[in-house]
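Input: a single structure, listed below in structure tokens.
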There are 2 protein chains.
Amino acid sequence: MVARTGHLERALRERGVRITPQRAVLLSLIESAGRPVDARSLLERVRRALPSVDKTTVYRTIALLKEHGLVDELDLLHRNGLAHYYEPVPEQQEVHLVCERCGAIIEARSPLLERLRRDMERAHGFRVKASRVEMGGHCRRCQ
Amino acid sequence: MVARTGHLERALRERGVRITPQRAVLLSLIESAGRPVDARSLLERVRRALPSVDKTTVYRTIALLKEHGLVDELDLLHRNGLAHYYEPVPEQQEVHLVCERCGAIIEARSPLLERLRRDMERAHGFRVKASRVEMGGHCRRCQ
DNA sequence: GTATTTGCAAAAGCTTTGCTGCAAC
DNA sequence: GTTGCAGCAAAGCTTTTGCAAATAC
């Protein structure tokens, strides 16, 4: 289920909640769940609600959310040079499939992910806190 | 088996092979197999053999090797900001375990990786060309 | 008043590009 | 001569930092 743009923000406004820059960043992140966004697009989205927000605020809010383990940082196999992508941490671990032709991003799940994690913990005595699985290639339609 | 620094280079020189900048980059990459290197360290290594080499040459050579599928590009969960890490494509797919405390990087293998790839191809009709699995956390000694 | 949040400008890094000269064939 | 390789300087982008004004408590 994909959220419509701005629908959380409207709901909050109607209840008298003031939208601060930080809140706007958080809302925009939540509303783009399922499609990781880079900082530039995130800023654009945020500015639709609060036009004067600066990129500094976007980066600082992301940093805050990362520290609390609420946001994942990806780079989708360097799809866009140095840019990073962000999304709310999903309930269940995902594989990001990145189509190198059309740019589609598929978020896939698999029980093997959890097994792989346990495997690593057992075999190497490693305590896993965060993990990221990205695969590049060609999606069904681009072959 | 970890190669000693410069041993390939010396072997080639002894056989009368001239070490060009490109070759020096390739050799340094091969010699640091098992420990992904960023462009800055790679340049330092290369300069031990050929002091006048420029970073442009390092980046261009990496780009060439990437195009031919000989080098993998990682970022180890943004361990070092915007920097990317490079290593020769391993024969068998690996998981990179990144210790957030001591910085250790463990290259782990698992048959689940190959299964995961086939899973994705089957379930999503996706043709996988490259893949990357990184996990952050604490290594055995840092817990 | 004190602490936090914010915007603006500037800096810091990593990577890429333009261009010119050099070497190989 | 033509082609590709290499070095240097400059630019391009993303992200971070310093600082002062504004805001919240």
Side-chain angles (χ1 to χ4, degrees), chain A residues 9 12 16-29 32 36-68 70-87 103 132, chain B residues 9 12 16-29 32 36-68 70-87 103 134:
Chain A
E9 183 210 319
L12 288 178
V17 176
R18 217 163 64 70
I19 305 296
T20 64
Q22 279 191 347
R23 282 173 190 162
V25 173
L26 178 57
L27 292 175
S28 295
L29 266 169
S32 56
V37 281
D38 61 13
R40 169 189 286 273
S41 321
L42 189 54
L43 179 60
E44 279 171 19
R45 280 164 189 273
V46 168
R47 282 186 165 160
R48 292 209 281 265
L50 289 181
S52 71
V53 171
D54 189 78
K55 61 187 172 210
T56 312
T57 299
V58 167
Y59 281 111
R60 282 196 282 231
T61 305
I62 289 171
L64 197 64
L65 295 169
K66 269 195 298 179
E67 278 165 30
H68 289 77
L70 298 172
V71 161
D72 270 344
E73 189 169 23
L74 317 168
D75 67 13
L76 303 179
L77 297 165
H78 305 117
R79 202 174 159 314
N80 183 9
L82 300 182
H84 297 170
Y85 291 83
Y86 306 92
E87 72 173 359
R132 206 166 76 188
Chain B
E9 183 210 319
L12 289 179
V17 177
R18 218 162 64 70
I19 307 296
T20 63
Q22 279 191 345
R23 283 173 190 162
V25 173
L26 178 57
L27 292 175
S28 294
L29 266 169
S32 55
V37 282
D38 61 13
R40 168 191 286 273
S41 321
L42 189 54
L43 179 59
E44 280 171 19
R45 280 164 189 275
V46 168
R47 281 186 166 162
R48 293 209 281 265
L50 288 181
S52 70
V53 171
D54 188 78
K55 61 185 175 217
T56 312
T57 299
V58 167
Y59 283 111
R60 282 196 281 232
T61 306
I62 289 170
L64 196 63
L65 294 169
K66 268 195 298 180
E67 278 166 31
H68 290 77
L70 297 172
V71 161
D72 270 345
E73 189 169 23
L74 318 168
D75 68 12
L76 303 179
L77 296 165
H78 306 116
R79 203 177 161 314
N80 184 9
L82 300 183
H84 298 170
Y85 292 83
Y86 307 92
E87 71 174 0
E134 297 171 338

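The chains referred to below are lettered A, B, ... by the order of the sequence lines, with proteins before strands, and numbering in each begins at 1. Because the structure is a prediction, the values reported are computed rather than measured. The figures that follow rest on heavy atoms only: side chains count, while hydrogens, waters and symmetry mates do not.
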Test side chain to side chain contact (heavy atoms under 4.5 Å, CB included), reference A:Val71, set A:Leu29, A:Thr61, A:Leu64, output is A:Leu29

With rounding to the nearest 0.5 Å, note down the distance linking [atom1] in [X] to [atom2] in [Y].
X	Y	atom1	atom2	value
B:Arg23	B:Arg18	CZ	CZ	7.5 Å
B:Ser41	B:Tyr86	OG	OH	11.0 Å
B:Arg79	B:Leu74	CZ	CG	12.5 Å

Give the rounded distance in Å between these two atoms: [atom1] of [X] and [atom2] of [N].
X	N	atom1	atom2	value
A:Ile62	D:dT14	CD1	C1'	11 Å
A:Leu64	D:dT16	CG	C1'	16 Å
B:Leu76	C:dC14	CG	C1'	15 Å
B:Arg40	C:dT16	CZ	P	16 Å
A:Arg79	C:dT15	CZ	P	19 Å
A:Ile19	D:dA24	CD1	P	14 Å
A:Gln22	C:dA3	CD	P	18 Å
A:Asn80	C:dT16	CG	C1'	14 Å

Closer than 4.0 Å, any side-chain N/O of [X] to the OP1 or OP2 of [N]?
X	N	value
B:His84	C:dC14	no
B:Tyr85	C:dC14	no
A:Tyr59	D:dT15	yes
B:Thr57	D:dA6	no

So do [Y] and [X] actually touch side chain to side chain, heavy atoms under 4.5 Å?
X	Y	answer
A:Asp72	A:Arg132	no
B:Arg60	B:Val25	no
B:Leu43	B:Arg47	yes
A:His84	A:Ile62	no
A:Leu12	A:Leu27	yes

For nucleotides 19-24 of chain C, give me every protein contact, N/O to N/O, under 3.5 Å, one pair per line with atom names.
none

In numerical order, the residues of residues 49-56 of chain A whose heavy atoms come under 4.0 Å of DNA chain C are A:Ser52, A:Val53, A:Asp54, A:Thr56

Open item on the list: Considering every strand and a 4.0 Å limit on heavy-atom distances, what is the contact class for B:Ala39: base, sugar-phosphate, or nothing?
Closed with: sugar-phosphate

